[in-house]
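Remarks on the structure that follows.
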Amino acid sequence: MKNIDRRKFLKRTGLSAGAIAISNLIPNDAAAQSERSQNARYMGDFAAEKLSTIRMAFIGVGNRGGDHMKFAAQLPGTEVVAISDLYEDNVKKWKEEAVAIGRGNGNRHQAIKLYHGGEDRWRDMLAEIKPDVVFIATNWNNHAPMAIAAMKGGAHAFVEVPMAVTLEEMWEIVNVSESTQKHCMMMENV
């Protein structure tokens, strides 16, 4: 038998064990395919119908969400229709900002509904307003559930980083996007 020193033995067995462990984490293609819906549609080349006015709602305007609202409200063809946050002062502040932007741009953003005070007020907003797009800038754990609810409610979702905190949430986002034909985009911080 060939002479193998202890260091080489540990190195080779360690690499082999690591490869086996990693291969067990990767789903079998056949199993992954069987779990996917037969109606799944790749969204990478999907183009949503053109809208003359995009009705926008915002969830979370404490930090980044307010900046997103300010930027998006200045774009032609947009209408801020709802703002949701836990805190009343945040929704009032950003409503005033949107109204001011709207006055200077064709008198838009004048009828904004406000939702605040409860952790699930955003759900009321989605159900009542039915926006075309929803911008989500809340705590990380809420990103995926909010994006999924927005798409199920008929809106495209724009989500602050990270889009999700688990692999299961990522797959649910993909599945819901494909089944609803609604885009979900992660917004990267600048």
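Reckoned from all heavy atoms, side chains included, excluding hydrogens, waters and symmetry mates.
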Determine, for K92 against D89, whether the closest basic-nitrogen to carboxylate-oxygen distance falls under 4.0 angstrom. no

Any idea which heavy atoms bring A150 and A157 closest together, and the distance? CB-CB, 4.4 Å

Test item: S84 and V91 side chains (from C-beta on) under 4.5 Å apart, heavy atoms: no

To the nearest 0.5 angstrom, please state how far the CE atom of M69 sits from the CZ atom of R64. 13.5 Å

Are the side chains of V176 and K152 in contact, using a 4.5 Å heavy-atom criterion? yes

So which heavy atom on A155 is nearest to which on P131, and how close? CB-O, 3.3 Å

Rounded to the nearest 0.5 Å, how far does SG of C184 lie from NE2 of H143? 11.0 Å

With side chains defined as the heavy atoms from C-beta onward, is the minimum distance between R55 and I129 less than 4.5 Å? yes

Please determine whether residues F135 and M185 belong to a single hydrophobic cluster, defined as Ile, Leu, Val, Met, Phe, Trp and Tyr linked transitively by side-chain heavy-atom distances below 4.5 Å. yes

Aromatic centroids of F58 and H68 separated by under 6.0 Å: no

Tell me whether E97 contacts the main-chain N or O of K95 through its side chain, where contact means a donor paired with an acceptor under 3.5 Å. no

Other residues, nucleotides, ligands: >12 heavy atoms within 6.0 Å of N105 CG: yes

Answer yes or no: does atom CZ of F46 have more than 12 heavy-atom neighbours from other residues, nucleotides or ligands under 6.0 Å? yes

Can you confirm whether H183 sits close enough to F158 that some side-chain heavy atom of one is under 4.5 Å from a side-chain heavy atom of the other? no

Does the side chain to side chain contact (heavy atoms under 4.5 Å, CB included) test come out yes or no for M43 and Q181, once each step is laid out? CA-CA 7 Å; M43 290 295 289; Q181 298 291 279; 3.6 Å; yes

Exercise: identify the closest heavy-atom pair between M187 and V161: O-CG1, 3.2 Å

Do I54 and K50 come within less than 4.5 Å of each other through their side chains, counting heavy atoms only? no

Side chains of T78 and H109 in contact at under 4.5 Å (non-hydrogen atoms): yes

Transitively linked via ILVMFWY side-chain contacts under 4.5 Å: V133 with I112? yes

Do M151 and I173 touch side chain to side chain, with heavy atoms closer than 4.5 Å? yes

G154 versus K182, closest heavy-atom pair with distance: O-CE, 3.1 Å

Search all heavy atoms of V159 against all heavy atoms of A147 and return the closest pair with its distance. CG2-CB, 3.7 Å

Distance, nearest 0.5 Å, that separates OG1 of T138 from CH2 of W122: 8.5 Å

Do M170 and M186 belong together in a cluster built from hydrophobic side chains that touch within less than 4.5 Å? yes

Consider only side-chain heavy atoms of I, L, V, M, F, W and Y, link residues closer than 4.5 Å, and tell whether V99 and V80 are in one cluster. yes

Side chains of D132 and M56, heavy atoms from C-beta outward: is any pair under 4.5 Å? no

How far apart are the C-alpha atoms of R121 and D124, what are their side-chain angles, what is the distance that settles it, and do they pass the salt bridge (Lys or Arg N to Asp or Glu O under 4.0 Å) test? CA-CA 5 Å; R121 291 292 288 148; D124 298 334; 2.7 Å; yes

CE (M125) and NE2 (H116) are apart, to the nearest 0.5 Å, by 13.0 Å

Return the minimal non-hydrogen interatomic distance between N90 and G62, and the atom names on each side. ND2-CA, 3.6 Å

Between atom CD of E160 and atom CD1 of I136, what is the distance when rounded to the nearest 0.5 Å? 10.5 Å

Would you give the length of the straight line joining atom CD1 of I59 to atom CE of M146, rounded to the nearest 0.5 angstrom? 5.0 Å

